[in-house]
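Have a look at the structure below, then the notes.
For the numbers below, each heavy atom of this structure counts, side chains included, while hydrogens, waters and symmetry mates do not. First listed ligand is number 1; within each ligand, the first listed atom is number 1.
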Amino acid sequence: MVVTPKIAPSMLSSDFANLASEAHRMFNLGADWLHMDIMVEAENPVEMVLVMTVEPGFGGQKFMPEMMDKVRILRMKYPSLDIEVDGGLGPSTIDMAASAGANCIVAGSSVFGAPEPAQVISLLRNSVEKAQQTFIQ
Ligand SMILES: O=C(CO)[C@H](O)[C@H](O)COP(=O)(O)O
């Protein structure tokens, strides 16, 4: 079973005064999900694991490649689990996360700060799909 790529622009990087239009804009540009930092208590079995690739709390931080070991181990053990990475992801870092096995990509500043956010969303998705081809072979 191959998990599908899910690209999730982080609303932390959006215009908070216009959240509804920012959300519509991202979906219209090709986003699958929107990422919002909300803490809740979970009672359900695990559906997705999030590996933070920056310190939680704010956008625009540097990607931590050392977190990819966790992603790799999780992907080896759980081939059909949604594995999300969050922080510092964009065109220059996505291949590290995708090749480690992440399929859900949270990206804030690289999407909201891009002149063409749709191109970044598409690039992130393509990178995950391309990496998944190498897993299948
Ligand atoms: O949840 C977050 C921090 O807690 C943000 O989603 C994360 O930092 C994404 O921002 P960027 O892509 O700019 O690093």
Side-chain angles (χ1 to χ4, degrees):
M1 184 188 202
V2 177
V3 288
T4 55
K6 282 132 193 157
I7 309 305
S10 172
M11 296 303 283
L12 262 184
S13 297
S14 71
D15 174 2
F16 286 3
N18 295 292
L19 277 178
S21 66
E22 288 283 78
H24 284 293
R25 184 166 77 94
M26 286 300 135
F27 282 128
N28 288 336
L29 292 174
D32 301 286
W33 294 347
L34 295 176
H35 173 86
M36 304 186 88
D37 289 56
I38 300 169
M39 305 299 172
V40 292
E41 278 188 37
E43 290 177 15
N44 295 329
V46 173
E47 290 178 3
M48 180 173 74
V49 171
L50 164 62
V51 176
M52 285 303 298
T53 42
V54 293
E55 294 295 333
F58 56 96
Q61 299 179 69
K62 193 170 173 290
F63 177 75
M64 300 161 122
E66 61 272 25
M67 294 298 112
M68 294 306 97
D69 286 346
K70 287 184 186 175
V71 175
R72 238 173 255 114
I73 290 164
L74 282 164
R75 179 54 73 213
M76 274 191 284
K77 273 187 100 160
Y78 306 105
S80 41
L81 177 69
D82 277 334
I83 302 175
E84 183 176 76
V85 283
D86 176 4
L89 287 148
S92 63
T93 52
I94 182 60
D95 286 343
M96 284 184 267
S99 63
N103 67 299
C104 303
I105 311 300
V106 175
S109 43
S110 70
V111 171
F112 281 93
E116 299 286 348
Q119 282 180 6
V120 178
I121 290 170
S122 174
L123 182 152
L124 297 174
R125 184 188 317 288
N126 290 342
S127 175
V128 174
E129 286 173 347
K130 196 169 145 205
Q132 288 181 335
Q133 293 303 313
T134 66
F135 301 153
I136 293 166
Q137 287 161 10

field: For atom 12 (O) of ligand 1, the protein heavy atom that lies nearest, with its residue and separation
entry: G108 N, 2.7 Å
query: Got the closest protein heavy atom to atom 8 (O) of ligand 1, with its distance?
result: F58 O, 3.1 Å
query: By number and element, which atoms of ligand 1 are closer than 4.0 Å to a non-hydrogen atom of G87?
result: 14 (O)
- line: The protein heavy atom nearest to atom 3 (C) of ligand 1 is G57 N, 3.4 Å
- line: dist L34:CG -> H24:NE2 (nearest 0.5 Å) comes out at 10.0 Å
Atom 10 (O) of ligand 1: nearest protein contact (heavy atom, Å): G59 CA, 3.5 Å
field: P56: numbered ligand 1 atoms lying under 4.0 Å from its heavy atoms
entry: 4 (O)
- line: ligand 1 to H35, heavy atom cutoff 4.0 Å, flagged ligand atoms 1 (O), 6 (O)
task: May I ask you to identify the nearest protein heavy atom to atom 9 (C) of ligand 1, giving residue, atom name and distance to one decimal place in Å?
output: D86 OD1, 3.4 Å
statement: Atoms of ligand 1 under 4.0 Å from any heavy atom of G60, numbered from 1 in the order shown, are 11 (P), 13 (O), 14 (O)
task: Examine I94 and M64 and state if one hydrophobic cluster contains both, with Ile, Leu, Val, Met, Phe, Trp and Tyr joined whenever side-chain heavy atoms are less than 4.5 Å apart.
output: yes
Side-chain donor/acceptor of T93 to backbone N/O of G90, under 3.5 Å: yes
query: Is there side-chain contact between L12 and H35, with at least one heavy-atom pair below 4.5 Å?
result: no
message: Let's go through M96 and V71 carefully: what are the C-alpha distance in whole Å and the side-chain angles of both, what is the deciding distance for side-chain contact (heavy atoms from CB on, under 4.5 Å) to 0.1 Å, and is it a yes or a no?
response: CA-CA 10 Å; M96 284 184 267; V71 175; over 6 Å; no
statement: heavy-atom search around atom 14 (O) of ligand 1 in the protein gives G88 N, 2.8 Å
task: Compute the shortest N/O to N/O distance between S10 and ligand 1 and return yes if it is under 3.5 Å, no if not.
output: yes
- prompt: Should you measure from each heavy atom of A107, which atoms of ligand 1 turn up under 4.0 Å away?
  reply: 12 (O)
statement: d(S14 OG, M36 CE) to nearest 0.5 Å is 7.0 Å
field: Distance (rounded to the nearest 0.5 Å) between E84 CD and M52 CE
entry: 9.0 Å
query: Judged by atom type as modelled, is there a donor-acceptor pair below 3.5 Å linking the side chain of Q61 to the main-chain atoms of E55?
result: yes
- prompt: S109 heavy atoms, cut-off 4.0 Å: which ligand 1 atoms fall inside?
  reply: 11 (P), 12 (O), 13 (O)
field: Sub-4.0 Å atoms of ligand 1 with respect to non-hydrogen atoms of V106
entry: 6 (O)
- prompt: Between D95 and K130, does at least one N-O distance fall below 4.0 Å, as a salt bridge requires?
  reply: no
